Amino acid sequence: MAFGKKDEGVAVIKPANIVRATLKIKGTSPLVINKFSNKAMEMMADAMTTPKNQKKAKTERAVRDFDADFQGARHISAEGWDGISAPALRSAMIDACRTAGLVMTKTKMAVFVIPDGFDKDDGTPLVKIISPTEPKKSMLHVRVGNGTADIRVRPMWTEWSLNVTVEFDTDMITPDSVVNLLDRAGKQVGIGEGRPFSKTSCGMGWGTFEVVGNE
(Lines give C-alpha, C1' and ligand atoms only; values in the text may rest on other atoms or scores of the structure.)
Protein backbone atom coordinates (compact mmCIF):
# COMPACT_ATOMS: atom_id res chain seq x y z
CA MET A 1 0.00 0.00 0.00
CA ALA A 2 1.37 3.42 -1.01
CA PHE A 3 1.48 6.16 1.61
CA GLY A 4 2.70 9.05 -0.61
CA LYS A 5 6.12 10.29 -1.63
CA LYS A 6 9.22 9.26 0.26
CA ASP A 7 10.53 11.82 2.76
CA GLU A 8 13.54 13.51 1.16
CA GLY A 9 14.75 15.07 4.41
CA VAL A 10 14.61 18.49 6.04
CA ALA A 11 14.27 21.51 3.74
CA VAL A 12 17.02 24.11 4.12
CA ILE A 13 15.86 27.65 3.34
CA LYS A 14 18.34 30.49 3.45
CA PRO A 15 17.32 33.98 4.70
CA ALA A 16 15.95 36.47 2.20
CA ASN A 17 18.71 38.77 0.97
CA ILE A 18 16.79 42.04 1.51
CA VAL A 19 18.49 45.40 0.93
CA ARG A 20 17.29 49.01 0.70
CA ALA A 21 18.25 51.80 -1.67
CA THR A 22 16.95 55.36 -1.93
CA LEU A 23 16.59 56.57 -5.51
CA LYS A 24 15.88 60.17 -6.47
CA ILE A 25 13.35 60.64 -9.23
CA LYS A 26 12.54 63.91 -11.00
CA GLY A 27 9.24 64.70 -12.70
CA THR A 28 9.33 65.20 -16.46
CA SER A 29 5.66 66.27 -16.63
CA PRO A 30 3.11 67.66 -14.12
CA LEU A 31 2.06 65.48 -11.18
CA VAL A 32 -1.66 65.46 -10.37
CA ILE A 33 -2.98 63.76 -7.22
CA ASN A 34 -6.49 62.46 -6.61
CA LYS A 35 -7.10 61.21 -3.09
CA PHE A 36 -10.56 59.81 -2.39
CA SER A 37 -11.63 62.56 0.01
CA ASN A 38 -13.17 62.13 3.44
CA LYS A 39 -16.12 64.21 2.25
CA ALA A 40 -16.84 61.79 -0.59
CA MET A 41 -16.48 58.85 1.79
CA GLU A 42 -18.92 60.43 4.23
CA MET A 43 -21.43 61.11 1.45
CA MET A 44 -21.28 57.49 0.31
CA ALA A 45 -21.69 56.21 3.86
CA ASP A 46 -24.64 58.58 4.40
CA ALA A 47 -26.31 57.36 1.21
CA MET A 48 -25.91 53.75 2.34
CA THR A 49 -27.31 54.30 5.82
CA THR A 50 -30.11 56.84 5.19
CA PRO A 51 -33.59 55.27 4.76
CA LYS A 52 -35.03 55.71 1.27
CA ASN A 53 -37.96 57.81 2.46
CA GLN A 54 -35.55 60.28 4.11
CA LYS A 55 -33.27 60.82 1.13
CA LYS A 56 -33.34 64.15 -0.68
CA ALA A 57 -34.74 64.39 -4.17
CA LYS A 58 -32.22 63.84 -6.96
CA THR A 59 -32.90 67.35 -8.26
CA GLU A 60 -31.42 68.83 -5.10
CA ARG A 61 -27.73 69.41 -5.71
CA ALA A 62 -25.39 70.84 -3.13
CA VAL A 63 -23.40 73.94 -4.04
CA ARG A 64 -19.86 72.95 -5.04
CA ASP A 65 -16.97 74.15 -2.94
CA PHE A 66 -14.00 73.90 -5.31
CA ASP A 67 -11.52 74.90 -2.60
CA ALA A 68 -12.76 72.02 -0.45
CA ASP A 69 -12.50 69.66 -3.44
CA PHE A 70 -8.91 70.82 -4.02
CA GLN A 71 -7.88 70.29 -0.39
CA GLY A 72 -9.73 66.99 -0.16
CA ALA A 73 -7.79 65.56 -3.12
CA ARG A 74 -4.43 66.11 -1.38
CA HIS A 75 -2.62 63.42 0.62
CA ILE A 76 -1.41 65.28 3.73
CA SER A 77 0.81 63.41 6.19
CA ALA A 78 0.57 63.55 9.98
CA GLU A 79 3.62 65.87 9.82
CA GLY A 80 1.86 68.23 7.40
CA TRP A 81 3.64 67.60 4.08
CA ASP A 82 2.07 66.57 0.77
CA GLY A 83 2.69 63.07 -0.49
CA ILE A 84 1.79 60.49 -3.07
CA SER A 85 0.63 56.97 -2.32
CA ALA A 86 3.63 54.64 -1.90
CA PRO A 87 1.57 51.70 -3.28
CA ALA A 88 1.00 53.77 -6.46
CA LEU A 89 4.77 53.85 -7.07
CA ARG A 90 5.08 50.12 -6.42
CA SER A 91 2.13 49.46 -8.73
CA ALA A 92 3.85 51.47 -11.47
CA MET A 93 6.97 49.32 -11.08
CA ILE A 94 4.90 46.14 -11.25
CA ASP A 95 3.12 47.42 -14.38
CA ALA A 96 6.51 48.24 -15.93
CA CYS A 97 7.40 44.54 -15.76
CA ARG A 98 5.45 44.24 -19.04
CA THR A 99 8.13 46.30 -20.78
CA ALA A 100 11.00 44.10 -19.62
CA GLY A 101 9.53 40.59 -19.81
CA LEU A 102 9.52 40.15 -16.02
CA VAL A 103 6.97 37.95 -14.26
CA MET A 104 4.68 40.41 -12.45
CA THR A 105 3.60 37.99 -9.71
CA LYS A 106 7.24 37.21 -8.92
CA THR A 107 8.20 40.89 -8.83
CA LYS A 108 5.37 41.54 -6.36
CA MET A 109 7.29 39.40 -3.87
CA ALA A 110 10.65 40.99 -4.66
CA VAL A 111 10.17 44.78 -4.70
CA PHE A 112 8.58 47.10 -2.13
CA VAL A 113 8.38 50.88 -1.63
CA ILE A 114 9.02 52.11 1.94
CA PRO A 115 6.84 55.08 2.97
CA ASP A 116 8.14 58.35 4.43
CA GLY A 117 4.95 58.73 6.49
CA PHE A 118 1.21 58.15 6.49
CA ASP A 119 -1.90 60.12 5.52
CA LYS A 120 -3.29 61.86 8.60
CA ASP A 121 -6.86 60.88 7.73
CA ASP A 122 -6.87 57.38 6.25
CA GLY A 123 -3.37 56.07 6.98
CA THR A 124 -2.33 55.66 3.34
CA PRO A 125 1.46 55.07 3.15
CA LEU A 126 3.03 58.13 1.52
CA VAL A 127 6.22 59.23 -0.21
CA LYS A 128 6.93 62.92 0.33
CA ILE A 129 6.55 65.26 -2.65
CA ILE A 130 9.50 67.65 -2.95
CA SER A 131 8.68 70.89 -4.76
CA PRO A 132 9.78 74.55 -4.56
CA THR A 133 6.14 75.64 -4.86
CA GLU A 134 2.74 74.77 -3.45
CA PRO A 135 0.41 72.81 -5.74
CA LYS A 136 -1.81 74.81 -8.05
CA LYS A 137 -5.51 74.18 -8.56
CA SER A 138 -6.17 72.17 -11.72
CA MET A 139 -9.78 72.25 -12.99
CA LEU A 140 -10.59 69.41 -15.39
CA HIS A 141 -13.60 68.85 -17.61
CA VAL A 142 -14.53 65.16 -17.39
CA ARG A 143 -17.25 62.72 -18.38
CA VAL A 144 -18.54 60.60 -15.50
CA GLY A 145 -19.89 57.06 -15.75
CA ASN A 146 -23.41 58.05 -16.85
CA GLY A 147 -22.04 60.25 -19.65
CA THR A 148 -22.75 63.64 -18.06
CA ALA A 149 -20.12 66.39 -17.88
CA ASP A 150 -18.53 67.46 -14.61
CA ILE A 151 -15.68 69.59 -13.30
CA ARG A 152 -13.02 67.96 -11.13
CA VAL A 153 -10.50 69.97 -9.14
CA ARG A 154 -7.12 68.41 -8.35
CA PRO A 155 -3.76 69.57 -6.94
CA MET A 156 -1.03 69.82 -9.59
CA TRP A 157 2.73 70.18 -9.20
CA THR A 158 4.60 71.33 -12.31
CA GLU A 159 8.05 70.94 -10.73
CA TRP A 160 8.51 67.97 -8.41
CA SER A 161 10.76 65.16 -7.27
CA LEU A 162 10.69 62.22 -4.84
CA ASN A 163 13.25 60.30 -2.84
CA VAL A 164 11.94 56.75 -3.23
CA THR A 165 13.23 54.15 -0.77
CA VAL A 166 12.98 50.73 -2.40
CA GLU A 167 13.40 47.45 -0.53
CA PHE A 168 14.16 44.39 -2.66
CA ASP A 169 15.42 40.81 -2.57
CA THR A 170 18.76 40.63 -4.37
CA ASP A 171 18.36 36.87 -4.79
CA MET A 172 15.42 37.69 -7.09
CA ILE A 173 16.38 40.98 -8.74
CA THR A 174 19.66 42.89 -9.08
CA PRO A 175 20.15 46.49 -7.85
CA ASP A 176 20.70 47.73 -11.41
CA SER A 177 17.47 46.05 -12.49
CA VAL A 178 15.55 47.82 -9.72
CA VAL A 179 16.89 51.18 -10.90
CA ASN A 180 16.00 50.40 -14.51
CA LEU A 181 12.55 49.11 -13.54
CA LEU A 182 11.75 52.33 -11.64
CA ASP A 183 13.05 54.39 -14.58
CA ARG A 184 10.87 52.41 -17.01
CA ALA A 185 7.90 52.95 -14.67
CA GLY A 186 8.50 56.69 -14.90
CA LYS A 187 8.91 56.84 -18.65
CA GLN A 188 6.32 54.29 -19.76
CA VAL A 189 3.72 53.96 -16.96
CA GLY A 190 3.63 57.14 -14.85
CA ILE A 191 1.91 57.89 -11.53
CA GLY A 192 -1.08 59.93 -10.43
CA GLU A 193 -3.95 61.27 -12.53
CA GLY A 194 -3.59 61.42 -16.33
CA ARG A 195 -0.66 59.00 -16.40
CA PRO A 196 0.18 57.36 -19.75
CA PHE A 197 -0.73 53.84 -18.57
CA SER A 198 -4.14 54.79 -17.23
CA LYS A 199 -6.56 51.87 -16.75
CA THR A 200 -9.42 53.84 -18.33
CA SER A 201 -7.75 56.01 -20.98
CA CYS A 202 -4.49 56.91 -22.72
CA GLY A 203 -3.93 59.59 -20.09
CA MET A 204 -2.79 63.19 -20.39
CA GLY A 205 0.92 62.42 -20.37
CA TRP A 206 1.15 63.51 -16.72
CA GLY A 207 3.04 61.83 -13.89
CA THR A 208 6.11 60.81 -15.87
CA PHE A 209 9.58 60.89 -14.31
CA GLU A 210 13.15 59.65 -14.54
CA VAL A 211 15.69 58.32 -12.06
CA VAL A 212 18.38 60.95 -11.59
CA GLY A 213 20.53 59.48 -8.82
CA ASN A 214 20.92 57.84 -5.43
CA GLU A 215 20.42 59.50 -2.05
Side-chain angles (χ1 to χ4, degrees), residues 23 25-41 43-45 47-48 69-70 72-76 82-115 118-119 121-129 135-158 160-162 164 166 168 173 177-178 180-211:
L23 306 174
I25 65 175
K26 182 179 180 181
T28 53
S29 65
L31 175 65
V32 179
I33 301 296
N34 180 19
K35 171 187 172 181
F36 196 82
S37 70
N38 286 342
K39 180 181 177 182
M41 187 78 74
M43 290 175 64
M44 288 181 63
M48 293 176 182
D69 290 349
F70 170 72
R74 299 169 70 178
H75 275 297
I76 305 295
D82 280 277
I84 184 170
S85 165
L89 281 157
R90 181 170 181 257
S91 179
M93 295 180 73
I94 300 302
D95 284 334
C97 289
R98 294 178 172 90
T99 70
L102 297 177
V103 179
M104 295 172 67
T105 53
K106 184 177 179 180
T107 308
K108 283 183 179 181
M109 296 186 291
V111 179
F112 304 88
V113 174
I114 306 303
F118 299 88
D119 188 287
D121 296 321
D122 60 20
T124 298
L126 302 176
V127 175
K128 184 178 181 180
I129 297 171
K136 69 177 185 179
K137 190 184 298 180
S138 172
M139 300 187 71
L140 308 174
H141 171 268
V142 300
R143 291 281 177 183
V144 295
N146 60 7
T148 59
D150 197 5
I151 294 175
R152 300 292 168 85
V153 181
R154 303 289 182 252
M156 172 187 282
W157 288 263
T158 54
W160 61 279
S161 63
L162 308 172
V164 184
V166 184
F168 55 97
I173 187 168
S177 293
V178 171
N180 293 335
L181 186 62
L182 182 59
D183 194 63
R184 280 177 176 264
K187 292 174 178 174
Q188 297 170 278
V189 178
I191 53 176
E193 292 288 278
R195 61 191 179 278
F197 191 65
S198 170
K199 303 293 184 184
T200 57
S201 71
C202 294
M204 300 283 285
W206 295 337
T208 58
F209 60 85
E210 61 185 353
V211 177

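Owing to the predicted nature of the structure, the values given are computational and were not obtained by experimental measurement. Counting from 1, the numbers follow the sequence of the chain as shown.
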Partner residues of S177 under the side chain to side chain contact (heavy atoms under 4.5 Å, CB included) criterion, sequence neighbours left out: I173, T174
Of the non-hydrogen atoms in [X] and [Y], which two are nearest, and what is the gap between them?
X: S29; Y: G207; result: OG-N, 3.1 Å
X: P196; Y: G190; result: CD-CA, 4.1 Å
X: V127; Y: V113; result: CG2-CG1, 4.0 Å
X: W160; Y: T208; result: CZ2-O, 3.5 Å
X: F112; Y: R90; result: CE2-NH2, 3.5 Å
X: D95; Y: R98; result: OD1-NH1, 3.0 Å

Straight-line distance of [X] [atom1] to [Y] [atom2], nearest 0.5 Å:
X: I94; Y: T107; atom1: CD1; atom2: OG1; result: 5.5 Å
X: D69; Y: M139; atom1: CG; atom2: CE; result: 9.0 Å
X: L182; Y: I25; atom1: CG; atom2: CD1; result: 5.5 Å
X: H75; Y: I33; atom1: NE2; atom2: CD1; result: 6.5 Å
X: N34; Y: S85; atom1: CG; atom2: OG; result: 11.5 Å
X: K187; Y: F209; atom1: NZ; atom2: CZ; result: 10.5 Å

With side-chain contact (heavy atoms from CB on, under 4.5 Å) as the criterion, how do L102 and L181 come out once you've worked through the C-alpha distance, each side chain's angles and the decisive distance to 0.1 Å? CA-CA 10 Å; L102 297 177; L181 186 62; 4.2 Å; yes
R184 side-chain N/O to T99 backbone N/O, donor-acceptor pair under 3.5 Å: yes
Full working for side-chain contact (heavy atoms from CB on, under 4.5 Å) between K35 and D122: CA-CA 10 Å; K35 171 187 172 181; D122 60 20; 3.7 Å; yes
Taking C-beta and beyond as the side chain, do [X] and [Y] meet within less than 4.5 Å on heavy atoms?
X: I114; Y: V166; result: no
X: P30; Y: M156; result: yes
X: V178; Y: M93; result: yes

Determine whether more than 12 heavy atoms belonging to other residues, nucleotides or ligands lie under 6.0 Å from atom NZ of K137. yes
Determine whether V189 and L89 satisfy the following criterion, side-chain contact (heavy atoms from CB on, under 4.5 Å), listing intermediate values before the conclusion. CA-CA 10 Å; V189 178; L89 281 157; over 6 Å; no
In terms of side-chain geometry, is the basic nitrogen of D82 or K128 positioned less than 4.0 Å from the acidic oxygen of its partner? no
Any Lys/Arg nitrogen of R74 or D119 sitting under 4.0 Å from an Asp/Glu carboxylate oxygen of the other? no
Evaluate side-chain contact (heavy atoms from CB on, under 4.5 Å) for I129 paired with L162, printing each intermediate quantity in order. CA-CA 6 Å; I129 297 171; L162 308 172; 4.0 Å; yes
When you compare the side chains of R154 and S138, does any donor N or O come within less than 3.5 Å of an acceptor on the partner? no
